[in-house]
Amino acid sequence: QVQLVESGGGLVQAGGSLRLSCAASGLTFSSYAMGWFRQAPGKEREFVATIRKSGGGTYYATSVKGRFTISRDNAKNTVHLQMNSLTPEDTAVYYCAAVRWLIGTTKVDEYDYWGQGTQVTVSS
């Protein structure tokens with residue numbers, strides 16, 4: 001049974017930082033590209049960042065580029081999202097997702113597995 005479990009969310013002031021983690025089990029982690037998405041209340045789930053299965057390439061949404069960094073540790077079956085310079089617009093539930101491809105995608109429907117999400121709230 002595949003499980004993706006996110007952690008590290010919380011409440012932070014604008015300008016602060018958080019580091020999200022996603023622990024994967026039940027799959028050959030190194031065979032999957034990984035992605036982070038987020039969903040704010042009343043809005044559709046949106047792409048945030050993705051990383052190749054090898055960890056050699058990353059891609060970011062324009063809204064987070066330069067502030068967020070995705071990374072992975074294939075030895076520990078984990079993927080991280082370092083979020084800096086947070087703004088209230090970053091408030092959302094953050095989800096990690098896995099797709100069995102060389103590279104990730106920005107499309108929600110193309111991912112095979114999803115975590116339950118972790119809440120990130122940024123106060124002004």
Side-chain angles (χ1 to χ4, degrees):
Q1 180 182 359
V2 175
Q3 282 194 311
L4 301 177
V5 180
E6 301 94 336
S7 62
L11 174 64
V12 64
Q13 288 189 330
S17 298
L18 283 175
R19 186 176 189 241
L20 305 184
S21 296
C22 173
S25 61
L27 75 170
T28 304
F29 185 69
S30 59
S31 295
Y32 287 78
M34 299 298 294
W36 284 97
F37 289 75
R38 67 186 181 186
Q39 188 166 18
K43 295 188 176 182
E44 293 187 352
R45 193 168 298 188
E46 65 173 4
F47 167 76
V48 174
T50 185
I51 187 166
R52 287 188 176 217
K53 65 179 185 178
S54 65
T58 58
Y59 182 74
Y60 298 91
T62 302
S63 59
V64 307
K65 194 171 185 179
R67 300 188 299 123
F68 291 11
T69 302
I70 187 172
S71 62
R72 66 188 294 162
D73 185 340
N74 284 353
K76 296 183 178 180
N77 289 5
T78 56
V79 60
H80 304 284
L81 186 68
Q82 177 66 45
M83 306 187 296
N84 299 328
S85 303
L86 286 161
T87 74
E89 288 69 36
D90 295 315
T91 295
V93 177
Y94 283 72
Y95 299 88
C96 72
V99 57
R100 192 178 171 86
W101 287 351
L102 171 66
I103 59 174
T105 164
T106 64
K107 299 179 180 179
V108 171
D109 292 348
E110 293 182 350
Y111 282 79
D112 300 313
Y113 302 107
W114 290 85
Q116 293 300 307
T118 186
Q119 176 71 48
V120 171
T121 303
V122 184
S123 63
S124 57

Step by step, would you call Val120 with Thr91 a side-chain contact (heavy atoms from CB on, under 4.5 Å)?
CA-CA 5 Å; Val120 171; Thr91 295; 5.9 Å; no
Quiz question: by atom type and distance under 3.5 Å, do the side chains of Asp73 and Thr78 form a donor-acceptor pair?
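Judged by distance alone, the side chains do not pair up.
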Write out all pairs satisfying ring-ring contact (aromatic ring centres under 6.0 Å, His included) with one or both partners inside residues 44-101, taking only residues at least two apart or from two chains.
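As it turns out, the ring-ring contact (aromatic ring centres under 6.0 Å, His included) pairs with a partner in residues 44-101, which skip direct neighbours, are Phe37-Phe47, Phe47-Tyr59.
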Restricting to non-hydrogen atoms, name the atom on [X] and the atom on [Y] that form the minimum distance, rounded to 0.1 Å.
X: Gln82; Y: Ser17; result: NE2-CB, 3.9 Å
X: Arg38; Y: Ser63; result: NH2-OG, 3.5 Å
X: Ala33; Y: Leu102; result: CB-O, 4.0 Å
X: Ala49; Y: Leu81; result: CB-CD1, 4.3 Å
X: Ile70; Y: Met34; result: CD1-O, 4.1 Å
X: Trp114; Y: Val108; result: CZ2-O, 3.4 Å

Check for me, please, whether Val2 and Ile51 land in the same ILVMFWY cluster - side-chain distances under 4.5 Å, paths through other members count.
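Same cluster: Val2 reaches Ile51 through Ile, Leu, Val, Met, Phe, Trp or Tyr contacts under 4.5 Å.
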Are any non-hydrogen side-chain atoms of [X] and [Y] less than 4.5 angstrom apart?
X: Thr87; Y: Arg67; result: yes
X: Thr118; Y: Leu20; result: yes
X: Lys53; Y: Arg72; result: yes

Heavy-atom neighbours of Gln116 CD exceed 12 at 6.0 Å
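No, because the 6.0 Å sphere around CD of Gln116 holds 12 heavy atoms or fewer from other groups.
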Quick check against the 3.5 Å criterion: does Thr105 have a side-chain atom that pairs as donor or acceptor with the backbone of Lys107?
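Indeed, once roles are kept as given, a pair shorter than 3.5 Å links the two residues.
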Using modelled atom types only, decide if a donor and an acceptor are shared between the side chain of Asp112 and the backbone of Arg100 within a distance under 3.5 Å.
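Yes, the answer is positive, given that a donor and an acceptor are paired below the 3.5 Å cut-off.
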Inter-residue atom distance Gln119.CD - Gln39.CD, 0.5 Å rounding
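The CD atom of Gln39 is 11.0 Å from CD of Gln119, to the nearest 0.5 Å.
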Enter the distance from Arg45:CZ to Asp109:CG here, rounded to the nearest 0.5 Å.
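Arg45 atom CZ to Asp109 atom CG measures 10.5 Å (nearest 0.5 Å).
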Can you name the side chain to side chain contact (heavy atoms under 4.5 Å, CB included) partners of Leu11, sequence neighbours left out?
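For Leu11 the side chain to side chain contact (heavy atoms under 4.5 Å, CB included) partners, ignoring immediate neighbours, are Thr121, Ser123.
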Stepwise, does the side-chain contact (heavy atoms from CB on, under 4.5 Å) test hold for Glu89 with Ser124?
CA-CA 10 Å; Glu89 288 69 36; Ser124 57; over 6 Å; no
Which pairs count as disulfide bond (SG atoms under 2.5 Å apart) when at least one residue sits in residues 65-124, sequence neighbours excluded?
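Disulfide bond (SG atoms under 2.5 Å apart) check on residues 65-124 returns Cys22-Cys96.
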Taking it one step at a time, do Val99 and Tyr113 satisfy side-chain contact (heavy atoms from CB on, under 4.5 Å)?
CA-CA 7 Å; Val99 57; Tyr113 302 107; over 6 Å; no
Under the side-chain contact (heavy atoms from CB on, under 4.5 Å) criterion, do Thr50 and Trp36 qualify, and how do the steps go?
CA-CA 6 Å; Thr50 185; Trp36 284 97; over 6 Å; no
